Amino acid sequence: MKVMLGLSGGVDSAVSAYLLKEQGYDVICCFMRNWDSMANNDVLGNPTLNDNICPQEKDYNDACLVAKKLGLKMMRIDFIKEYWDNVFSYFLDEYKKGRTPNPDIFCNKYIKFDAFLNFAHKNGCEMIAMGHYAKRVVIGDKAYLYKAKDLSKDQSYFLSQINQKQLMSCLFPLGDISKKEVREIAHKIGLESVMDKKDSTGVCFIGERNFKEFLENYLPAQKGKIVDIDTNRVLGTHDGVLYYTLGQRRGLGIGGIHGEDAKGWFVCKKDVKKNILYVASGSEDEHLFSDSAIINNLNFFNEKPLEGEHLNVKFRYRQQDLGVTIHYDNDSAIRLVFDDNYKAVTPGQGCVFYKKDLCLGGGIIDQVFYKGVLKN
RNA sequence: UGGGGUGUAGCCAAGUGGUAAGGCAACAGACUUUGACUCUGUCAUUUCGCUGGUUCAAUCCCAGCCACCCCAA
């Protein structure tokens with residue numbers, strides 16, 4: 001079977017290529033490029049602008065070396081426009097509303113598992129493959145998504161918006177392999193260009209950035225007041241409410257206050273219209289917590305959860321699973337009632353549903369409540 | 001212009017005649033395919049408002065000055 005593998009220039013996809021080949025697949029490698037810093041005016045806070053070699057080109061070169069080493073065909077494709085139109089514009093729109101979007105969830109939905117999948121089909125591949133840490137199990141004519149064996153690297157969270165058809169069309173060779181083993185395999189077979197490369201982080205295809213500076217390229221700074229939600233005192237000045245997310249501590253610049261214990265200040269509410277950033281003192285302040293939420297943009301790989309069903313969810317990547325109960329007030333959204341009060345549940349972030357290690361799908365956090373009162 | 005109080009790092013804030021706690025912020029690193037959280041580290045020795053004095057030794061004692069605050073006017 002012909003499979004097109006997304007080869008990023010990192011160790012994970014490289015080892016995936018090797019494993020697929022060993023399993024007998026006819027593998028074609030393809031490097032994707034979805035972000036062009038110059039074309040996208042990504043200037044402020046871009047640490048790589050003046051580098052001699054663009055990191056993307058370094059990655060491409062590393063990927064080519066992997067393909068060559070494994071004797072696999074190498075291709076390259078740009079989805080710059082698709083990424084901007086389907087992922088980044090949504091990302092900016094969400095920020096403009098004062099929400100905190102997760103671009104990588106939509107990068108998978110629209111780019112890797114849509115544009116790229118179509119590209120693979122056009123090139124005669126029945127399936128695509130990715131170096132994600134996630135496990136796909138096919139039973140009969142249905143595919144199921146499970147957390148990766150290496151729970152510390154599990155990336156099912158980011159796959160929560162792809163559909164059954166997309167899931168059916170994709171292989172995840174690393175589902176049962178730990179990160180440690182991946183590096184061992186890379187060393188064993190001598191994938192020198194990637195075997196000791198540091199894991200990549202930051203927004204997929206864009207990379208590590210000073211996030212506030214990065215956003216300033218697209219969202220103008222607008223200074224405003226930082227207000228203590230408990231006393232209404234003005235404690236400082238922010239650079240723009242859009243740049244902060246709920247639960248955030250860093251970047252507020254609030255020092256000690258006469259006569260008070262300083263426990264650190266945490267963002268607990270954003271008023272976009274008034275341009276006020278509300279903060280609470282200490283990480284356990286009641287204003288940081290919520291007890292229910294409305295989730296929309298629902299996507300389930302198979303059956304929807306049942307009314308009243310108790311499930312686990314992740315409200316953020318790498319957060320521990322939290323218990324919730326499912327309620328349907330209408331067809332397009334789920335109302336979650338939390339087992340306990342949970343901290344910093346943030347509109348715009350993905351909510352991903354799990355039944356133990358089985359990932360059912362996900363949605364987007366739309367509204368958050370505490371004791372019946374809407375918080376956003 | 002009488003009385004009282006305070007002046008320690010960007011902000012709070014301990015401190016003692018013997019050579020400057022802690023917290024917040026900030027910065028750096030770790031963690032991390034979102035953004036956060038979290039963790040670790042760094043952060044006053046040209047130094048404790050300034051200037052003199054006492055002392056072997058002063059941020060801590062004394063004097064003067066300056067600044068700010070409060071009360072009384």
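For the numbers below, each heavy atom of this structure counts, side chains included, while hydrogens, waters and symmetry mates do not. The sequence lines fix the lettering, A, B, ..., with proteins before strands; numbering per chain opens at 1. These numbers come from a predicted model, not from an experiment.
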Query raised in the report: Does CG in Asp340(A) sit with more than 12 non-hydrogen atoms of other residues, nucleotides or ligands closer than 6.0 Å?
Result: yes
Query raised in the report: According to the ring pair (Phe, Tyr, Trp, His ring centres under 6.0 Å) rule, which pairs have a member within residues 245-301 of chain A, sequence neighbours left out?
Result: Phe300(A)-Phe353(A)
Query - P-based separation of C60(B) from G49(B) [nearest Å] - result: 8 Å
Under 3.5 Å, N/O pairs linking protein and nucleotides 36-38 of chain B:
residue	atom	partner	partner atom	Å
A36(B)	O2'	Gln248(A)	N	3.4
C37(B)	OP1	Arg249(A)	N	3.0
C37(B)	OP1	Arg250(A)	N	2.8
U38(B)	OP1	Arg249(A)	NH1	3.2

Query - Nearest-angstrom distance from the residue atom NZ of Lys179(A) to P of C31(B) - result: 11 Å
Query raised in the report: Between atom CZ in Phe88(A) and atom C1' in U34(B), what is the gap in whole Å?
Result: 12 Å
**Report entry** Between U34(B) (C1') and Asn210(A) (CG): distance, integer Å
**Finding:** 15 Å
**Report entry** Enclosure of Asp261(A) CG (heavy-atom neighbours >12, cutoff 6.0 Å)
**Finding:** no
**Report entry** Set of residues satisfying side-chain hydrogen bond (donor to acceptor under 3.5 Å, both in side chains) with respect to Asn217(A), sequence neighbours excluded
**Finding:** none
Query raised in the report: What is the distance from CD of Glu94(A) to P of U34(B), rounded to the nearest Å?
Result: 18 Å
Query raised in the report: In which stems does RNA chain B show up, taking only runs of three or more Watson-Crick or G-U wobble pairs whose two distances fall under 3.5 Å?
Result: B:2-7 with B:66-71, B:10-12 with B:22-24, B:26-30 with B:38-42, B:49-53 with B:61-65
Report summary line: Trp265(A) atom CH2 is separated from C24(B) atom C1', nearest whole Å, by 10 Å
Query raised in the report: Can you tell me how far C1' in C24(B) sits from the matching atom in C43(B), rounded to whole Å?
Result: 13 Å
Requested in this report: Please list all pairs passing the ring pair (Phe, Tyr, Trp, His ring centres under 6.0 Å) test where one or both residues lie in residues 147-170 of chain A, with sequence neighbours left out.
Outcome: Phe158(A)-Tyr317(A)
Restricting to nitrogen or oxygen on both sides, can you table the protein-nucleotides 12-14 of chain B pairs closer than 3.5 Å?
residue	atom	partner	partner atom	Å
C12(B)	O2'	Ile257(A)	O	3.0
A13(B)	OP1	His258(A)	ND1	2.5

Query raised in the report: Is Lys270(A) positioned over the aromatic face of Tyr244(A), cation under 6.0 angstrom from the ring centre and no more than 45 degrees off axis?
Result: no
Requested in this report: Would you mind reading off the distance between Asp154(A) atom CG and U32(B) atom P, rounded to a whole angstrom?
Outcome: 13 Å
Report task. Take atom P in U8(B) and the same atom in C69(B), then report the distance between them in whole Å. Result -> 15 Å
Query raised in the report: Cut-off 3.5 Å, side chains only: do Asn118(A) and Asp114(A) have a donor facing an acceptor?
Result: yes
**Report entry** N/O (side chain, Lys198(A)) to phosphate O (OP1/OP2, C31(B)) under 4.0 Å
**Finding:** yes
Query raised in the report: Does NZ in Lys212(A) sit with more than 12 non-hydrogen atoms of other residues, nucleotides or ligands closer than 6.0 Å?
Result: yes
Query - Aromatic ring proximity, centroids under 6.0 angstrom, Tyr83(A) and Phe79(A) - result: no
Requested in this report: In whole angstrom, give me the gap between the C1' atoms of A57(B) and C68(B).
Outcome: 32 Å
Query - Sole candidate of Lys153(A), Lys179(A), Lys197(A) that passes salt bridge (Lys or Arg N to Asp or Glu O under 4.0 Å) when paired with Asp12(A) - result: Lys179(A)
Query - G22(B) and U42(B), which share atom name P, separated by this distance in whole Å - result: 11 Å
Report task. Calculate the interatomic distance between Leu7(A) atom CG and U33(B) atom P; express it in whole Å. Result -> 18 Å
Requested in this report: Take atom CD1 of Ile226(A) and atom C1' of A25(B), then tell me their distance rounded to the nearest Å.
Outcome: 11 Å
Query raised in the report: Does Tyr60(A) have Arg33(A) sitting over its ring (NZ/CZ under 6.0 Å from centre, angle to axis within 45°)?
Result: no
Query - Test applied, ring pair (Phe, Tyr, Trp, His ring centres under 6.0 Å); reference residue, Tyr218(A); option that passes from Tyr243(A), Phe88(A), Phe91(A) - result: Phe88(A)
Query raised in the report: At under 4.0 Å between heavy atoms, what does Ile105(A) touch on the DNA or RNA strands: base, sugar-phosphate, or nothing?
Result: nothing
**Report entry** Between A67(B) and U54(B) - P atom distance, rounded Å
**Finding:** 27 Å
